There are 2 protein chains.
Amino acid sequence: MKRPTIADIARRAGVSKGAVSYALNGQPGVSEATRQRIVAIAQEIGFNPNSAARALSGASARAVGLTLCRPARILSIEPFFMGLISGFEAELAARSYALTLQVVATPEQEIEVYRRWWGERRIDGVIVTDLREDDQRIPVLHQLQLPAVVIGGPGDTGRIAQVWSDDAGAITETVRYLVALGHRRIARVGGLPDLLHTQTRTRAFNDICTALGLNEAVTMPSDYTGEEGGRATRRLLIGADRPTAVIYDNDVMAVAGLAVAQEMGLAVPGDLSIVAWDDSPLCSLVHPPLTALSRDIAEYGAHAARELLAAIDGKPVGNVEAGTAHLTPRGSTAPPRA
Amino acid sequence: MKRPTIADIARRAGVSKGAVSYALNGQPGVSEATRQRIVAIAQEIGFNPNSAARALSGASARAVGLTLCRPARILSIEPFFMGLISGFEAELAARSYALTLQVVATPEQEIEVYRRWWGERRIDGVIVTDLREDDQRIPVLHQLQLPAVVIGGPGDTGRIAQVWSDDAGAITETVRYLVALGHRRIARVGGLPDLLHTQTRTRAFNDICTALGLNEAVTMPSDYTGEEGGRATRRLLIGADRPTAVIYDNDVMAVAGLAVAQEMGLAVPGDLSIVAWDDSPLCSLVHPPLTALSRDIAEYGAHAARELLAAIDGKPVGNVEAGTAHLTPRGSTAPPRA
DNA sequence: GAAATTTACTGAACCGGATAAGTTGGAGAG
DNA sequence: CTCTCCAACTTATCCGGTTCAGTAAATTTC
């Protein structure tokens, strides 16, 4: 089956290629009657503009890129990224942009991928996740003048748009809630320590604990995997002054922590309260269901996609705060047993 | 920053564009000395061929497409697809093919996306998941002559390559194992009923149950979500002759089933044994850890990517059986209490 | 040592759109 | 009634690769 081109349409409509191009792109230069005739023919023969030809003649590639920098075993179980992707897609599909995905092992590889994509003119912009301090990717994006949107800040990204959520506020609210329940020894199992939003959370956690007069604000660093989350929990729970509540930086670690508590004979929430960051169906599935910091991750992704598309269109850069995570109490939090 | 082109390389090397193209593609037509000089220059200035120009002049687009046809809330938590994607990527990245992703709502939309991708010449081939009976996508792919590989069979796909795993064998082994433990009332919570591999599993489940003289081989249809899985479990467990073992078609439903059993005061594995299909870290996270049918999903994806790349290269179609899932016993299976 | 073949290139066409620079025919102004 | 202007086109060029046809020099063949 041959792919129809604008030349085919031009022949059938008895006009030139140029007229067809003007007609299909809503440019002036053709009469309304001709435009409708051309659009009808395009519809009829199922015309789709060749994306290569379009990209080559200076128009956009109509594609954006996303790199995922996590080992496969985390990606597969961590609901965050798929939620994000779903959100992007909803927005991108509406403007018929394609999403190009690449799984990489290190931030350095990520930079290589950006350079290659840019050189290949394969994409019009990228979505950058996992912002770090002095993130090496940012200067490269500036140098390449590649439109981008950064998720995971707020941080210093210069002229690059950002979408972030108020993690500090969310963790403050959570600690206040636990303290209101009567908890005094609250610990936290954090995410990857070099990610900026992990640092934001850690700082806010320390600040609120100090402000409320809780002196043992321990954060155990972790890597988002269930194994590490479980191990960190075990380490927290074997101490003499074990915490009565633990906040986890993702749902997978929280579920693992729950299993460890049960394995150690501790009742949840009686002996230990658990809060998961990022709500996913996973939190409601386990027994007891986990109290979680919910936010609409898909909407977060949609926000990011909108900002990126705006940046590609040359609109001024935004610095958007997407909705703050809010506490959804379920069965895993309660006043500590006397 | 200007993107370097072969014209830039040609100028610096003092040769024509054509020579550069031959040199970089390993084609005959240039001397070894010239080739090395050209390659060195390309390296030095960080040349990447413009993918649009390449695709336009008849070469491949160096990209493959994947559509995901599941609601966002399932995609985010179901580890299968991300595992599959990781597997693809490993193989695609090695040959520097890009992966283009699109989330769709219905199989009809999937067909539209295939048509559009084909028309746009955006991709060289597609990976098709969730094969159904009389799958409408297959004739479209034939008509478009779009290289493809199908996952989720085996089924009737004509000249299109397939990668599948022996689900019938795996479920047979599982039932035999449970019977050996002493179970006589075994039920199953199945996946989406119109998927071909669900049907394969259901048929094999019925066959082995009949063969072993178990007359109540109930399969509750479901949709892979935790909620539905939990509901199906509840329905199974409220009956008078409740099963002593349940096999779930994915891990999410199995975890939900475990929670339901615990909520109903049934001990796992004492009162109820649970087997999850598709092992993921999730299965080891919960308490007790779930006995699961493990297979290397990333390797499954890698197989599929290899077959697809072979199909794109015009090699004969394969019909590859990837490794069969094997039973990994953990804490959720035991002999039934007398 | 002349003819035939091979090697190592060059030049130009081509892919399918976008778009700048003409070219018309007809309406409106003077 | 002519001149201007504009809408509605057409023509030609460009994007950056690939590839085919041509060519000159080097090498082989008899």
Side-chain angles (χ1 to χ4, degrees), chain A residues 1-39 41-42 45-63 96 116-124, chain B residues 1-39 41-42 45-63 96 116-124:
Chain A
M1 202 172 155
K2 199 195 159 291
R3 263 171 267 259
T5 71
I6 52 168
D8 299 325
I9 301 178
R11 205 174 313 117
R12 289 188 52 159
V15 296
S16 69
K17 274 171 59 178
V20 175
S21 179
Y22 290 137
L24 294 178
N25 291 309
Q27 300 279 76
V30 280
S31 67
E32 197 47 40
T34 308
R35 184 190 306 281
Q36 286 181 9
R37 194 155 43 92
I38 289 172
V39 169
I41 293 174
I45 65 177
F47 170 76
N48 288 104
N50 181 320
S51 64
R54 187 180 249 178
L56 188 56
S57 48
S60 80
R62 296 208 146 251
S96 57
R116 185 161 53 77
W117 278 346
W118 174 83
E120 293 178 343
R121 217 182 178 309
R122 194 179 273 283
I123 48 143
D124 302 316
Chain B
M1 204 173 154
K2 200 196 157 293
R3 262 171 267 259
T5 70
I6 52 167
D8 299 326
I9 301 177
R11 205 174 313 118
R12 290 186 54 156
V15 295
S16 68
K17 275 171 57 179
V20 175
S21 178
Y22 291 139
L24 294 178
N25 292 307
Q27 301 278 77
V30 281
S31 66
E32 197 48 39
T34 307
R35 182 190 308 278
Q36 286 181 8
R37 193 155 44 92
I38 289 172
V39 169
I41 294 173
I45 65 177
F47 171 76
N48 286 106
N50 180 320
S51 64
R54 188 179 249 179
L56 188 55
S57 48
S60 80
R62 294 207 147 253
S96 57
R116 184 162 54 77
W117 278 346
W118 174 83
E120 293 178 343
R121 217 185 177 305
R122 196 180 271 284
I123 48 142
D124 301 317

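Keep in mind it's a predicted model, so treat the numbers as computed, not measured. Sequence lines set the chain letters: A, B, ... in the order given, protein chains first and strands last, and positions in each chain run from 1.
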Checklist outcome for this item: Nearest heavy-atom approach of B/N50 to B/A52 is OD1-N, 2.8 Å
Next on the checklist: Using a 4.0 Å heavy-atom cut-off, does B/S51 contact any base of the nucleic acid, only the sugar-phosphate backbone, or nothing at all?
Outcome noted: nothing
Next on the checklist: Measure CG/A/L56 against P/D/dC15 and give the value in whole Å, please.
Outcome noted: 9 Å
Checklist outcome for this item: Scanning both residues in full, the closest heavy-atom pair of A/R12 with A/I45 reads NH1-CG2, 3.3 Å
Checklist outcome for this item: For A/A23 and A/I38 the tightest heavy-atom approach is CB-CD1, 3.7 Å
Item to check | D/dG16 phosphate, OP1 or OP2, under 4.0 Å from B/R3 side-chain N/O | outcome: no
Item to check | Spacing between A/N50 atom CG and D/dG16 atom P, to the nearest angstrom | outcome: 16 Å
Checklist entry - Is there a donor-acceptor pair closer than 3.5 Å between any side-chain N or O of A/R121 and the backbone N or O of A/L56? => result no
Item to check | Within residues 8-21 of chain A: residues closer than 4.0 Å to DNA chain C (heavy atoms) | outcome: A/K17, A/G18, A/S21
Next on the checklist: Using whole Å, what does the distance between atom C1' of nucleotide C/dG16 and atom CZ of A/F47 come to?
Outcome noted: 8 Å
Checklist outcome for this item: To the nearest 0.5 Å, atom CG of B/N48 lies from atom CZ of B/R3 at 10.5 Å
Checklist outcome for this item: Between A/A10 and A/K17 the two heavy atoms that sit nearest each other are CB-N, 3.8 Å
Next on the checklist: Is any side-chain heavy atom of B/R62 closer than 4.5 Å to one of B/S96?
Outcome noted: yes
Next on the checklist: Looking at A/Y22 and D/dA7, is any side-chain donor or acceptor paired with a base atom of the opposite kind under 3.5 Å?
Outcome noted: no
Checklist entry - Rounding to a whole Å, what distance do you find between B/I6:CD1 and D/dC15:P? => result 13 Å
Checklist entry - For the pair made of CD1 in A/I38 and P in D/dA8, what is the distance, rounded to whole Å? => result 12 Å
Item to check | Rounded distance (Å) that lies between atom C1' of C/dC15 and atom CZ of B/R121 | outcome: 9 Å
Next on the checklist: So B/I41 and B/F47, do their side chains get closer than 4.5 Å, heavy atoms only?
Outcome noted: no
Checklist entry - Does B/T34 have a side-chain nitrogen or oxygen under 4.0 Å from the phosphate oxygens OP1 or OP2 of C/dC9? => result yes
Checklist entry - Which value, rounded to the nearest 0.5 Å, describes the distance between A/S21 atom OG and A/R54 atom CZ? => result 8.5 Å
Checklist entry - Are the side chain of A/R35 and the backbone N or O of A/Q27 linked by a donor-acceptor pair below 3.5 Å? => result yes
Checklist entry - Does anything in residues 24-33 of chain A reach DNA chain C, meaning a heavy atom under 4.0 Å, and if so which residues? => result A/N25, A/Q27
Next on the checklist: At 10 degrees resolution, what angle do the end axes of the helix from C/dG1-D/dC30 to C/dG30-D/dC1 form when each is taken over five base pairs?
Outcome noted: 40°
Checklist entry - Is any side-chain heavy atom of B/L24 closer than 4.5 Å to a side-chain heavy atom of B/I9? => result yes
